[in-house]
Amino acid sequence: MIKRIRETLHKYRKWEPLVFFTAGFTFDALLLHRIDNPLMLTHQAIYLCFAALIIAWDLLVEEGHDVLPKWAWFGKAWFYREAALHFILGTLLNVYTIFYFKSGSLMSSFSFLIFLALLLFLNEARPVRISKHLLRNALFGLCLISYMNIVVSIAIGSVGPWVFLLAIGVAFLIHNTFVNLLRSRLPASRRFKEIRLPFYGVAAIYVFLYAFKILPPVPLSVKFIGIYHDVGKDNGDYRLGFYGPSWQFWGNGETHFEAQPGDKIVCFAQVFSPTRFKDQLYVRWQHKDAKSQWQSWDAIPFDIAGGREEGYRGYTIKTNYEPGEWRVSIETLDGREVGRVDFDVIAKETEARVMKYDYR
């Protein structure tokens with residue numbers, strides 16, 4: 001039986017990196033907590049250090065340097081270095097994929113996921129002419145920049161262009177130090193082609209995604225956003241009133257807002273930000289006109305403060321509106337979308353309505 005297992009493992013050995021990558025992804029998905037959790041940030045930093053160590057060792061061994069410890073157990077462990085590296089990268093990329101997915105609208109999140117999927121596909125289905133080190137260093141650069149983008153934003157307590165550029169700069173300095181440690185043992189051409197170049201490429205794509213407002217604004221995330229008819233306070237909670245069919249027992253606002261004269265539209269949101277985080281966002285109300293173009297009606301400032309697990313709570317009210325398609329988006333000061341809700345306004349005379357309440 002053991003022989004058959006070994007033969008099977010040898011037969012499918014080419015899929016081993018993908019299996020370990022998926023295992024790392026799943027492992028971290030089960031343990032994922034707040035983005036500003038000190039243990040999580042330390043855990044990511046340790047993984048980045050281990051990834052850098054494996055990458056450096058592998059390069060030096062290929063160059064003929066005797067840099068591996070002589071311990072017997074280490075020789076056996078070294079055989080699984082590729083699997084370990086894929087597990088580490090899978091774990092890290094899982095963290096950043098989930099946080100970027102939470103921190104933006106559906107389109108911006110998917111744009112980032114497409115970029116990530118492309119790198120992963122190239123890493124697994126690598127053409128023979130492309131060095132494995134080029135692709136793995138691209139993934140490592142992606143993890144390093146993503147980590148610094150989160151850490152610098154948390155440390156400063158804000159988001160914005162200069163914070164993002166500072167994060168890129170810190171990542172560059174760390175990566176440059178890593179490359180310089182290999183200066184005396186690796187040829188300059190190899191250092192540039194297989195280590196520096198993939199990092200520069202990933203950094204350039206990050207800047208491109210940010211400039212076109214595609215990169216989600218981590219570490220912010222919308223925990224909840226909904227449309228209601230009424231809002232009030234009750235023992236420290238917000239009491240949100242909405243109308244819905246009799247069978248609707250959950251409270252999640254209204255996607256079809258049936259408006260009678262005098263009704264007001266309430267947009268309630270919970271925006272998570274790290275502890276000691278203070279920033280200003282905008283709540284933008286938009287209406288689709290007769291030409292199916294979105295027209296901005298209002299952009300209301302929305303100050304947030306961090307630390308609350310369920311997110312900072314707030315709302316805006318609109319009394320001047322007309323029937324049709326609407327959307328409310330929460331944006332950073334530089335116009336990057338944190339979250340959005342779409343709904344219809346329907347002018348409808350209803351004889352009797354029973355208001356339900358959602359408490360948040």
Side-chain angles (χ1 to χ4, degrees), residues 35-36 40-60 85 88-89 91-93 95-97 99-100 103-104 111-112 115-116 118-120 122-123 130-220 274 332 334 336:
I35 194 171
D36 60 341
M40 276 201 61
L41 294 174
T42 303
H43 162 239
Q44 294 166 44
I46 292 172
Y47 268 26
L48 283 169
C49 291
F50 272 116
L53 189 59
I54 293 173
I55 289 171
W57 261 342
D58 219 7
L59 283 165
L60 294 174
L85 182 60
I88 289 171
L89 293 176
T91 302
L92 290 172
L93 289 172
V95 172
Y96 307 131
T97 299
F99 285 143
Y100 275 103
S103 295
S111 300
F112 177 78
F115 167 54
L116 176 60
L118 178 62
L119 280 179
L120 296 179
L122 289 174
N123 186 56
I130 300 179
S131 165
K132 69 176 182 180
H133 298 291
L134 189 147
L135 290 174
R136 63 164 56 165
N137 276 292
L139 289 173
F140 175 72
L142 175 64
C143 292
L144 179 60
I145 293 174
S146 297
Y147 179 73
M148 295 315 305
N149 191 28
I150 292 171
V151 169
V152 171
S153 297
I154 291 174
I156 294 176
S158 181
V159 295
W162 73 272
V163 177
F164 173 76
L165 291 176
L166 179 61
I168 294 289
V170 173
F172 174 81
L173 290 175
I174 293 173
H175 191 267
N176 190 60
T177 302
F178 167 67
V179 177
N180 286 337
L181 290 174
L182 303 173
R183 180 187 295 274
S184 62
R185 298 197 175 193
L186 285 180
S189 59
R190 194 167 192 191
R191 291 200 311 270
F192 177 78
K193 182 179 179 181
E194 295 186 342
I195 307 179
R196 291 190 187 275
L197 190 60
F199 177 82
Y200 294 158
V202 170
I205 292 173
Y206 251 70
V207 173
F208 172 85
L209 294 176
Y210 188 93
F212 285 88
K213 300 178 182 179
I214 297 174
L215 194 69
V218 292
L220 302 176
T332 60
D334 58 350
R336 289 186 297 149

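The basis for the numbers below is simple: all heavy atoms, side chains too, and nothing from hydrogens, waters or symmetry mates.
Residue R191 comes nearest to L182 through the heavy atom pair CD-O, 3.9 Å, listed as atom of the first residue, atom of the second, then distance. The shortest non-hydrogen separation linking L142 to L93 is CD2-CD2, 3.5 Å. Closest approach of P161 to Y210, counting heavy atoms only: N-OH, 3.0 Å.
Ring orientation note: the planes of F164 and Y206 are close to parallel, at an angle under 30° on the 30°/60° scale.
Annotation: side chain to side chain donor-acceptor pair (under 3.5 Å) contacts of E194 (sequence neighbours excluded): S131, R190. With sequence neighbours excluded, the residues forming a side chain to side chain contact (heavy atoms under 4.5 Å, CB included) with A51 are L85, I88, F140, listed by chain and number. In this view, T332 and V159, P217, L220, L281, D334, R336, V338 satisfy the side chain to side chain contact (heavy atoms under 4.5 Å, CB included) rule, not counting sequence neighbours. Judged as a side chain to side chain donor-acceptor pair (under 3.5 Å), and not counting sequence neighbours, N137 has no contacts. With sequence neighbours excluded, no residue satisfies ring pair (Phe, Tyr, Trp, His ring centres under 6.0 Å) with F50.
For the atom pair I55 CD1 and H133 NE2, the distance stands at 9.0 Å (nearest 0.5 Å). Expressed to the nearest 0.5 Å, how far CG of L139 lies from CG of L92 amounts to 10.5 Å. The distance from atom CG of L59 to atom CD1 of I54, rounded to the nearest 0.5 Å, is 12.0 Å.
Taking the side chain as every heavy atom from C-beta outward, L144 and V202 never approach each other to under 4.5 Å. When side chains are defined from C-beta on, Y47 does not count as touching C143, because their heavy atoms never get closer than 4.5 Å. Y96 places a side-chain heavy atom less than 4.5 Å from the side chain of I150. Residues N149 and S153 form a side-chain contact, since some pair of their non-hydrogen atoms from C-beta on lies under 4.5 Å apart. The shortest distance between side-chain heavy atoms of F178 and I195 falls below 4.5 Å.
At distances below 3.5 Å, not a single donor-acceptor pair connects side-chain atoms of R185 with backbone N or O atoms of L60. The closest donor-acceptor contact from the side chain of Y200 to the backbone of F192 lies at 3.5 Å or more, if one exists at all.
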- [ ] Check the pair Y147, L41 against side chain to side chain contact (heavy atoms under 4.5 Å, CB included), reporting the backbone distance first and the verdict last.
- [x] CA-CA 8 Å; Y147 179 73; L41 294 174; 4.2 Å; yes
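For residues 159-176, the side-chain hydrogen bond (donor to acceptor under 3.5 Å, both in side chains) pairs, not counting sequence neighbours, are N176-R196.
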